[in-house]
Amino acid sequence: RARGEHPLAQYRAMQSLLADVRTRHADELREFTEAAARAKASASHATLAADRTWPFPLFPREDLVRLAREVGARFVFPHS
């Protein structure tokens with residue numbers, strides 16, 4: 001504006017350039033968008049899987065029995 005130019009022309013040129021780049025790289029942009037969505041879902045699943053506050057009744061019985069055996073094998077409990 002200091003040179004007497006109206007910024008609308010530059011804005012339109014920038015928008016035209018962006019539209020051209022988006023068109024020429026549409027496949028790559030789609031791949032990036034899909035990869036980002038997969039990463040977001042994966043992070044969400046990882047948070048859920050790492051949650052240690054799940055109540056034990058939600059685990060399959062076989063897993064609980066195996067866990068009890070593994071814990072018992074690693075510790076020596078004195079007999080009363």
Side-chain angles (χ1 to χ4, degrees):
R1 286 187 177 213
R3 296 182 303 204
E5 298 174 1
H6 196 282
L8 184 59
Q10 281 117 355
Y11 176 79
R12 286 185 176 153
M14 179 187 69
Q15 291 299 318
S16 176
L17 174 65
L18 287 172
D20 181 53
V21 168
R22 287 179 183 127
T23 299
R24 284 186 291 123
H25 299 283
D27 292 338
E28 294 166 89
L29 291 170
R30 186 183 66 255
E31 288 174 17
F32 287 141
T33 301
E34 290 170 357
R38 286 191 305 273
K40 185 176 180 179
S42 179
S44 174
H45 293 150
T47 300
L48 181 60
D51 184 357
R52 299 294 182 236
T53 62
W54 286 41
F56 74 90
L58 295 179
F59 289 91
R61 178 170 171 63
E62 309 81 53
D63 291 350
L64 296 174
V65 169
R66 186 179 68 249
L67 177 62
R69 284 189 190 127
E70 289 177 13
V71 169
R74 287 182 170 77
F75 293 94
V76 177
F77 297 102
H79 297 286
S80 303

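Starting from 1, each residue takes its place in the sequence as its number.
In terms of modelled atom types and a separation under 3.5 Å, the side chain of Thr23 and the main chain of Ala19 share a donor-acceptor contact.
Closest non-hydrogen pair, Phe56 versus Leu64, comes out as O-CD1, 3.6 Å.
Within a 6.0 Å sphere centred on CZ of Arg24, heavy atoms belonging to other residues, nucleotides or ligands number more than 12.
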Give every donor-acceptor pair under 3.5 Å between a side-chain atom in residues 28-38 and any protein atom, sequence neighbours left out.
from	atom 1	to	atom 2	distance (Å)
Glu28	OE2	His25	ND1	2.7
Arg30	NH1	Asp27	OD1	3.1
Thr33	OG1	Leu29	O	2.9

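In this structure, Val71 is not a member of the same hydrophobic cluster as Val65, with clusters built from ILVMFWY side-chain heavy atoms closer than 4.5 Å.
The distance from the CZ atom of Arg74 to the CD atom of Glu70 is 5.5 Å, given to the nearest 0.5 Å.
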